[in-house]
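Naming convention: chains lettered A, B, ... in sequence-line order (proteins, then strands); numbering from 1 in each chain. Hydrogens, waters and symmetry mates are skipped; everything else that's a heavy atom, side chains included, is used.
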Amino acid sequence: MEYKTYDIYQDGNKTIVKHIKDFNLIHIFECGQCFRWRRENDGSYTGVVRDRVVNVGYDEKKLIITNSSVNDFIDLWYGYFDLDRNYSEIKRILSRKDSIMKKAIEFGYGIRLLRQDLWETLISFIISANNRIPMIMKVVASISKNFGREIFLDEKAYYTFPDAYSLADECVETLQTCQGGFRCKYIIGTSEMVKSGAIRLSDIYMVSTGEARNMLIKLPGVGPKVADCTLLYSGTKYDVFPTDVWVKRVMEELYFQRETSLKEIQEFARNYFGPLAGFAQQYLFYYARENRIGAG
DNA sequence: CCACAGGACGGCT
DNA sequence: AGCCGTCCTGTG
């Protein structure tokens with residue numbers, strides 16, 4: 001069958017989608033936006049998304065999703081991989097901005113911003129505060145294993161991410177077995193606020209980026225960086241510019257050539273990249289971190 | 001043993 | 001409003 005501009009067919013438990021461009025598994029899964037995908041020996045990735053576990057491979061512009069159906073693709077994977085967005089056009093516009101962006105895009109040409117579950121993204125980025133990626137992956141995996149639901153792929157167990165109600169019922173001490181450290185109290189606090197209705201996460205889809213940001217920042221453990229990451233990596237808002245130490249360094253070194261406050265970097269990015277700020281940030285972040293730009 | 005890497009928060013000016 | 005010490009865990 002034909003879905004938008006893609007050819008889709010089913011082969012056993014594999015959904016295969018042809019003619020997919022602007023796509024690279026390493027760029028997508030190792031650019032710091034997600035913590036649930038693991039690279040296999042053959043270069044494919046296995047991960048849990050919502051209540052599904054799949055293996056994803058990419059070869060000769062073909063996307064191969066194992067443990068999927070055509071309906072799954074249309075309902076979930078098409079949106080998750082942001083396949084209805086024209087990344088060629090985004091890259092063309094951003095590359096014209098300056099030679100720095102051009103280089104960053106050439107480096108991370110296959111990046112796509114995943115539209116991840118809002119709740120899981122929020123908690124994952126609360127965990128990311130003052131933490132490194134391998135540790136974040138460990139904590140998210142542990143929370144899922146302890147409080148999520150077991151699902152299977154090839155007789156191997158994987159775990160869904162627990163919802164706010166499940167986590168709100170736990171105490172900080174129990175959650176601490178997942179190695180979240182000082183962030184555990186924030187996770188419980190945020191879960192309680194979602195459970196009680198003090199915040200309705202679904203509202204952020206209906207309000208402006210500024211309002212969405214202000215709503216999220218009211219949650220414990222959520223500051224400007226975590227709020228922006230949550231909005232961007234859940235596919236909710238794209239005119240944000242999450243500024244962590246790497247983005248700050250690359251901006252200072254390549255754009256400002258001096259020390260620059262977070263406030264000034266954010267203002268510059270909003271004006272300069274406009275509605276594509278989130279995409280620009282992701283190319284810059286991946287470029288900076290992989291090449292250790294600005295690091296000792 | 002120590003230094004260091006990472007954002008949010010709270011207390012201070 | 002901006003600055004800075006503290007929080008937790010793993011690695012070199």
Colleague: Round to a whole Å and report the spacing from NZ of A:K263 to P of C:dA1.
Modeller: 10 Å
Colleague: If you find the nucleotide of DNA chain C closest to A:N130 and the one closest to A:Q179, which residue's nucleotide is nearer the 5' end?
Modeller: A:N130
Colleague: Please give, in whole Å, the distance from B:dC4 P to A:R132 CZ?
Modeller: 12 Å
Colleague: Quick one: A:R213 CZ to B:dA8 C1', roughly how many Å, whole number?
Modeller: 14 Å
Colleague: Please check the phosphate of B:dG7 (OP1 and OP2 only) for any side-chain N or O of A:K248 closer than 4.0 Å.
Modeller: no
Colleague: Could you work out which one of C:dC8, C:dT11, B:dG7 sits closest to the side chain of A:Q176?
Modeller: C:dC8
Colleague: Could you state the atom-to-atom distance from NZ of A:K185 to P of C:dC8 in whole Å?
Modeller: 6 Å
Colleague: Taking atom P of B:dA8 as reference, at what distance in whole Å does atom CD1 of A:I123 sit?
Modeller: 14 Å
Colleague: Given C:dG2, C:dG10, C:dC8, identify the nucleotide with an atom nearest to the side chain of A:R183.
Modeller: C:dC8
Colleague: Which label fits A:F268 and A:Y272: parallel for a plane angle under 30°, tilted from 30 to 60°, or perpendicular past 60°?
Modeller: parallel
Colleague: Any side-chain donor paired with an acceptor under 3.5 Å for A:R85 and A:Y238?
Modeller: yes
Colleague: Rounded off to whole Å, could you give me the CD1-to-P distance for the A:I187 and B:dA8 pair?
Modeller: 14 Å
Colleague: Of the candidate nucleotides B:dG6, C:dG10, C:dG2, which contains the atom at the shortest distance from the side chain of A:M135?
Modeller: C:dG10
Colleague: Would you say the side-chain atoms of A:T160 and A:D51 include a donor-acceptor pair closer than 3.5 Å?
Modeller: no
Colleague: Just to be sure I understand the rule, does A:P134 reach a base, reach only the sugar-phosphate, or reach nothing, if contact means heavy atoms closer than 4.0 Å?
Modeller: nothing
Colleague: With DNA chain B as reference, determine whether A:R249 or A:Y186 sits nearer its 5' end, using the nearest nucleotide of each.
Modeller: A:R249
Colleague: Report which part of the nucleic acid A:R289 touches: base, sugar-phosphate, or nothing (heavy-atom distance under 4.0 Å, all strands).
Modeller: nothing
Colleague: So, A:S128 versus A:N131: side-chain donor-acceptor pair below 3.5 Å or not?
Modeller: no
Colleague: At under 4.0 Å, does any side-chain N or O of A:W246 touch on OP1 or OP2 of B:dG6?
Modeller: yes
Colleague: Nearest to the side chain of A:N131, heavy atoms from C-beta on, is which of B:dG7, B:dG6, B:dA5?
Modeller: B:dG6
Colleague: Could you give the CD1-to-C1' distance, from A:I188 to B:dA8, as a whole number of Å?
Modeller: 18 Å
Colleague: Under a 3.5 Å cutoff, is there a donor and acceptor pairing between the side chains of A:S144 and A:R36?
Modeller: yes
Colleague: Can you tell me the distance, in whole Å, between the CD1 atom of A:I133 and the C1' atom of B:dG7?
Modeller: 14 Å
Colleague: With heavy atoms under 4.0 Å as the rule, sort A:L262 into base, sugar-phosphate or nothing.
Modeller: nothing
